[in-house]
Amino acid sequence: MRIDAVSIFPSYFDVLGISLLGKAQGRGIVDFHVHDLRDAATDKHRTVDDKPAGGGAGMVMKAEPWGVMLDRVIADSGVADPLIIFPSPAGEVFNQRMAKELAKEQQLIFGCGRYEGIDQRVFDEYASRYRVKLVSIGDYVLNGGEVASLAMIEAIARLLPGMVGNPESLVEESHEDGLLEYPSYTAPASWRGHEIPQVLLSGNHKLVAEWRHQQRVKRTREVRPDLLETAEDKAG
């Protein structure tokens, strides 16, 4: 998979070179490319924003630098049908289901807006020629799209074949089947008066599996009851 990110702060994405993401890139599982939007500006100040049409507070990112940069990225990649994602509080909420779908794509391009957002005509123009998706990572506002893009990139990339050392570890994670993950423990058996549940030390795999499922349901009911309601609706 090829993943591109366009930002006026490209150094945000330096973290893509470390941990599992960095190793995955070294093994050719994923190919990251980061682009500075200001490289598409035409004036000496490398301006990418202007006052909003109709007045109002803040600044809006101009259409032309985005057009130049996105055309350049798409042409350079050679991918015929990329998916362009713009992190936005006005977008569809990102979840594990979406991460799985996006992990099937050949190329993802993340456009990181700043200020009061990007000129709407950028979305309209590229939606007329390619697939465009506005995506939100939650009901709050960030200073820009970089943090949201990084969160999505990590959630998506770790689902690629070969990314995670033990693929079975993905099966029992939070949200994989609508439930949160069970609590985890490791040695020693006792730490500061807190004990590992005896069932986990029993060696009985059937009992361990039953306990873990019970804990997933319990945790989900206490923390995210809405997930249980959604699961019950689907079952019905």
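Scope of the values below: all heavy atoms of this structure, side chains included, with no hydrogens, waters or symmetry mates. Note that this is a predicted model, so its numbers are computed, not measured.
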Exercise. Is it true that Val60 and Val68 fall in one hydrophobic cluster, defined by side-chain heavy atoms closer than 4.5 Å?
Worked result: no

For this session: Check the surroundings of atom CD in Glu195: do more than 12 heavy atoms from other residues, nucleotides or ligands lie under 6.0 Å from it?
Result: yes

Exercise. Is there a side-chain contact between Met152 and Ile137, using heavy atoms and a 4.5 Å cut-off?
Worked result: yes

Exercise. Under a single-linkage definition using a 4.5 Å side-chain heavy-atom cutoff for Ile, Leu, Val, Met, Phe, Trp and Tyr, are Ile85 and Val93 assigned to the same hydrophobic cluster?
Worked result: no

Exercise. Are Met1 and Ile156 side-chain neighbours, meaning at least one heavy-atom pair lies under 4.5 Å?
Worked result: yes

For this session: Could you please spell out the steps behind the side-chain contact (heavy atoms from CB on, under 4.5 Å) verdict for Arg72 and Asp39?
Result: CA-CA 11 Å; Arg72 185 183 302 170; Asp39 289 343; 4.3 Å; yes

Problem set entry | Arg121 atom CZ, neighbour heavy-atom count above 12 within 6.0 Å | no

Exercise. Is it true that the side chains of Asp71 and Tyr126 contain a donor and an acceptor less than 3.5 Å apart?
Worked result: yes

Exercise. Heavy-atom distance under 4.5 Å between the side chains of Glu105 and Arg131, does that happen here?
Worked result: yes

Problem set entry | side-chain contact (heavy atoms from CB on, under 4.5 Å) assessment of Lys100 paired with Leu159 | CA-CA 7 Å; Lys100 287 182 178 180; Leu159 298 175; 3.9 Å; yes

Problem set entry | Residues that, via side-chain heavy atoms closer than 4.5 angstrom, fall in one hydrophobic cluster with Val199 | Tyr185, Ile196, Leu200, Leu201, Leu207, Val208, Trp211

Exercise. Do the side chains of Met69 and Ile74 get nearer than 4.5 Å, heavy atoms only?
Worked result: no

Exercise. Would you say the side-chain atoms of Thr47 pair up with the backbone N or O of Asp49, donor to acceptor, closer than 3.5 Å?
Worked result: no

Taking only distance into account, with no hydrogens and no angle test, what donor-acceptor pairs under 3.5 Å do side-chain atoms of residues 7-17 form with protein atoms, sequence neighbours excluded?
residue	atom	partner	partner atom	Å
Ser7	OG	Phe9	N	2.8
Ser7	OG	Phe9	O	3.4
Ser7	OG	Glu146	OE2	2.6

Problem set entry | Minimum heavy-atom distance Ala99-Phe94, with the two atoms named | CB-CZ, 3.7 Å

For this session: Look at the side-chain heavy atoms of Ile, Leu, Val, Met, Phe, Trp and Tyr, link any pair under 4.5 Å apart, and say whether Met61 and Leu134 land in one connected group.
Result: yes

Exercise. Counting only heavy atoms not in Asp43, do more than 12 fall under 6.0 Å of its CG?
Worked result: yes

Exercise. What heavy-atom pair brings Ser88 and Ser136 nearest, and what distance separates the two atoms?
Worked result: O-CB, 3.1 Å

Exercise. So which heavy atom on Pro52 is nearest to which on Gly56, and how close?
Worked result: CG-O, 3.6 Å

For this session: Kindly indicate whether the side chain of Phe110, heavy atoms from C-beta on, has any atom under 4.5 Å from the side chain of Asp4.
Result: no

Exercise. Taking NZ, NE, NH1 and NH2 as the nitrogens, is one of them in Arg97 or Glu101 under 4.0 Å from a carboxylate oxygen of the other?
Worked result: no

For this session: Identify whether the distance between the nearest side-chain nitrogen and carboxylate oxygen of Arg221 and Asp226 falls below 4.0 Å.
Result: no

Problem set entry | Heavy-atom side-chain contact between Val122 and Leu70 under 4.5 Å | yes

For this session: Compare all side-chain heavy atoms of Arg2 with those of Gln106 and state whether any distance is below 4.5 angstrom.
Result: no

Exercise. Taking a hydrophobic cluster as the set of Ile, Leu, Val, Met, Phe, Trp and Tyr residues connected by side-chain heavy atoms closer than 4.5 Å, whether directly or through intermediates, do Val135 and Val141 fall within one such cluster?
Worked result: no

Exercise. Side chains of Leu179 and Leu227: closer than 4.5 Å at any heavy-atom pair?
Worked result: no

Problem set entry | Met98 and Leu102: CA distance, side-chain angles, deciding distance, side-chain contact (heavy atoms from CB on, under 4.5 Å) verdict | CA-CA 6 Å; Met98 187 186 295; Leu102 295 178; 3.8 Å; yes

For this session: Measure the spacing between CD of Glu92 and CG of Asn95 and express it to the nearest 0.5 Å.
Result: 7.5 Å

Seminar exercise, completed: Tightest non-hydrogen contact, residues Gln215 and Tyr182, listed as CB-CB, 4.1 Å

Exercise. If you take all heavy atoms of Pro65 and Ala40, which pair is closest and at what distance?
Worked result: O-CB, 3.4 Å

Exercise. Stepwise, does the side-chain contact (heavy atoms from CB on, under 4.5 Å) test hold for Asp36 with Arg46?
Worked result: CA-CA 11 Å; Asp36 188 343; Arg46 307 178 78 207; 3.6 Å; yes

Problem set entry | Sidechain N-carboxylate O distance under 4.0 Å for Glu181, Arg216 | no

Exercise. Quick one: do Leu160 and Leu83 end up in the same hydrophobic cluster if we chain Ile, Leu, Val, Met, Phe, Trp and Tyr together by side-chain heavy atoms under 4.5 Å apart?
Worked result: yes

Exercise. Are Arg158 and Glu154 within salt-bridge range, i.e. N to O under 4.0 Å?
Worked result: no

Problem set entry | Atom CG of Asp81 with >12 non-hydrogen neighbours under 6.0 angstrom | yes

Enumerate, atom names and distances included, each donor-acceptor pair closer than 3.5 Å involving a side-chain atom of residues 21-32, sequence neighbours excluded.
residue	atom	partner	partner atom	Å
Gln25	OE1	Phe32	N	3.0
Arg27	NH2	Gly162	O	2.8
Asp31	OD1	His33	NE2	3.2
Asp31	OD2	His33	NE2	2.9

